[in-house]
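Here's the structure we're looking at; comments come further down.
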Amino acid sequence: MELIPPILPSLSQQLEQYLLHPELLPIHDTGPAQQHWRRKMCPSNLLHTTNMPLDAVLKVVRDPCTGQVTEFVEQRLATAGTTGKNSSSMRRAPGPPEESFRGSASNYPFWPGGLDLPEVDIDDDIDELDFSPEKLLTCPPGFDHGIDFYKLKLAELSTTGSGEDIDLVQTIQSQPQPSTVLNLASVLNQTDDILAMFKEPEVTQDAAAKPTNLTSETDDFHIEETTPVVPISDGSKHNQPRVAEWAEMLDAEAPLSDFHQQVPQMAYQWPFELDTFQKQAVLKLEQAESVFVAAHTSAGKTVVAEYAIALSQKHMTRTIYTSPIKALSNQKFRDFKDTFNDVGLVTGDIQINPAATCLIMTTE
């Protein structure tokens with residue numbers, strides 16, 4: 001019986017070659033590492049630059065009587081080139097859509113109150129400042145004295161008559177130093193009793209019973225009459241401080257007969273007639289006011305949210321709809337996706353179209 005030669009080397013030979021000949025491993029083959037692809041050179045790419053922001057706009061000037069355009073005036077923009085990376089103004093250019101609802105940690109915070117940035121007054125005469133040595137300050141704030149190098153240099157030149165280096169340590173030590181020794185005899189009066197300051201005055205019974213009489217100097221002192229102190233028990237009898245109302249409570253049962261006259265073109269239409277509280281909420285949303293709806297379950301609060309989303313898309317703004325749990329967020333995403341096309345979902349585990357005009361999020 002003839003033996004057939006092995007088709008593959010044995011495992012022992014492969015292991016021996018792997019351990020005894022590491023130079024045969026493919027990691028030492030530099031052939032594939034030298035491969036490269038030729039790049040088509042295009043010198044015109046060196047001339048490509050990004051467009052700079054406009055620093056001026058054209059304003060139209062009209063005739064106040066006829067309304068016709070008379071001329072165009074170029075007006076400079078103070079907020080040209082301001083972004084979230086270099087400005088705290090509310091008028092800066094918005095960031096990319098993916099940062100519109102989360103922002104960026106590297107963005108500058110807005111100026112408090114949403115006001116404009118304070119203008120820094122620059123002195124036009126700054127070029128006329130005199131930096132001559134005799135007009136420079138020599139004593140820092142909080143110090144009794146300082147070092148005037150210019151005067152020291154002049155004094156050294158006047159005494160020696162040469163431009164040699166000055167020993168600052170010897171010069172400073174030669175100056176009269178202020179005395180740090182305090183003489184109590186010069187401060188205190190010899191007739192004063194020092195120990196009397198630490199003794200409590202003795203009050204006799206006659207002095208305690210005798211009423212204190214005001215001197216002639218205090219008689220002229222006039223004390224203004226203050227309002228009487230109201231006891232706590234009598235507080236209800238007097239006027240309490242007024243409290244400013246920050247919210248308007250609407251009657252949910254008050255009919256709105258002129259609703260369609262006030263809102264002739266609604267941003268979204270339903271195939272059913274809205275309830276009274278829904279009409280009131282829609283009317284307040286059209287008036288650009290904040291709305292807080294408190295109603296029981298299945299009363300129709302989502303109708304108000306749908307109109308707010310439709311109104312934001314009409315005004316080309318963005319809306320964030322929050323739900324208490326993630327399962328409800330997924331359900332609202334499917335429902336709003338059929339009603340409004342541009343809808344996104346952003347939760348802890350998934351993100352779908354985060355740059356949409358309407359985002360569905362979880363409250364926590």
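Fair warning: this is a prediction, and the values are worked out from it, not measured in the lab.
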Tell me, please, which residues at least two apart from Arg39 pass side-chain hydrogen bond (donor to acceptor under 3.5 Å, both in side chains).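 By the side-chain hydrogen bond (donor to acceptor under 3.5 Å, both in side chains) rule, Arg39 matches no residue at all.
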With Asn86 via side-chain hydrogen bond (donor to acceptor under 3.5 Å, both in side chains) - residues at least two apart: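 Once residues adjacent in sequence are excluded, the partners of Asn86 under the side-chain hydrogen bond (donor to acceptor under 3.5 Å, both in side chains) criterion are Thr83.
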Any chance you could lay out the side chain to side chain donor-acceptor pair (under 3.5 Å) test for Tyr307 and Glu286, step after step, and finish with the verdict? CA-CA 10 Å; Tyr307 191 84; Glu286 288 287 349; 2.2 Å; yes
Would you give the length of the straight line joining atom [atom1] of [X] to atom [atom2] of [Y], rounded to the nearest 0.5 angstrom?
X: Asp144; Y: Cys139; atom1: CG; atom2: SG; answer: 7.0 Å
X: Cys358; Y: Gln313; atom1: SG; atom2: CD; answer: 7.0 Å
X: Leu58; Y: Gln75; atom1: CG; atom2: CD; answer: 10.0 Å

Side chain to side chain contact (heavy atoms under 4.5 Å, CB included) between Gln13 and Tyr18: does it pass, once the steps are laid out? CA-CA 9 Å; Gln13 295 178 358; Tyr18 178 79; over 6 Å; no
Would you say the side-chain atoms of [X] pair up with the backbone N or O of [Y], donor to acceptor, closer than 3.5 Å?
X: Thr339; Y: Asp335; answer: yes
X: Thr319; Y: Ser312; answer: no
X: Lys337; Y: Asn341; answer: yes

Can you get from Ile320 to Val293 by hopping between Ile, Leu, Val, Met, Phe, Trp and Tyr side chains that sit under 4.5 Å apart?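 In one cluster: no.
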Val263 and Trp270: same hydrophobic cluster, using ILVMFWY side-chain contacts below 4.5 Å?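 Per the 4.5 Å side-chain linkage, Val263 and Trp270 are co-clustered.
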In chain order, what residues pass the ring-ring contact (aromatic ring centres under 6.0 Å, His included) check against Phe340, with sequence neighbours excluded?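 Tyr268.
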ring-ring contact (aromatic ring centres under 6.0 Å, His included) involving Tyr321 - partner list, sequence neighbours excluded: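 Listed in chain order: Phe336.
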Step by step, work out the side chain to side chain contact (heavy atoms under 4.5 Å, CB included) result for Glu306 and Val304. CA-CA 5 Å; Glu306 290 179 351; Val304 181; over 6 Å; no
[X], [atom1]: over 12 other non-hydrogen atoms inside 6.0 angstrom:
X: Gln265; atom1: CD; result: no
X: Leu15; atom1: CG; result: yes
X: Leu19; atom1: CG; result: yes
X: His315; atom1: NE2; result: yes
X: Glu253; atom1: CD; result: no

Would you say that [X] contacts [Y] through its side chain, given a criterion of any heavy-atom pair below 4.5 Å between the two side chains?
X: Ser12; Y: Ser10; value: yes
X: Thr302; Y: Lys332; value: yes
X: Thr357; Y: Met316; value: no
X: Arg91; Y: Thr82; value: no
X: Phe333; Y: Val343; value: yes
X: Ser329; Y: Met361; value: no

Would you name the heavy atoms of [X] and [Y] that are closest together and state the gap between them?
X: Ala267; Y: Lys314; answer: CB-CD, 4.1 Å
X: Leu311; Y: Leu285; answer: CD2-O, 3.5 Å
X: Ser89; Y: Ser87; answer: N-OG, 3.2 Å

Sole candidate of Ile360, Leu345, Ile325, Ile352 that passes side-chain contact (heavy atoms from CB on, under 4.5 Å) when paired with Asn330: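 The option that passes is Leu345.
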Would Asp342 and Asn353 satisfy side chain to side chain contact (heavy atoms under 4.5 Å, CB included), going step by step from the backbone distance to the final call? CA-CA 8 Å; Asp342 195 9; Asn353 193 13; 3.4 Å; yes
Applying side-chain hydrogen bond (donor to acceptor under 3.5 Å, both in side chains), which residue pairs with at least one partner in residues 65-74 are found, sequence neighbours left out?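 For residues 65-74, and leaving out neighbouring residues, the side-chain hydrogen bond (donor to acceptor under 3.5 Å, both in side chains) pairs sorted by first residue read Asp63-Thr66.
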Which pairs would a plain distance check flag for residues 271-283, meaning a side-chain donor or acceptor within less than 3.5 Å of a matching protein atom at least two apart in sequence or in another chain?
{"unit_1": "Glu273", "atom_1": "OE2", "unit_2": "Lys279", "atom_2": "NZ", "d": "2.7"}
{"unit_1": "Gln278", "atom_1": "OE1", "unit_2": "Asp275", "atom_2": "N", "d": "3.1"}
{"unit_1": "Gln278", "atom_1": "NE2", "unit_2": "Gly300", "atom_2": "O", "d": "3.1"}
{"unit_1": "Gln280", "atom_1": "NE2", "unit_2": "Asp251", "atom_2": "O", "d": "2.6"}

Geometric cation-pi criterion Arg92 and Phe110, 6.0 Å radius, 45° cone: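 That pair qualifies as a cation-pi contact.
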Lys326 and its side chain to side chain donor-acceptor pair (under 3.5 Å) partner, picked from Thr363, Thr362, Asp349: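 Of all the options given, the one that passes is Asp349.
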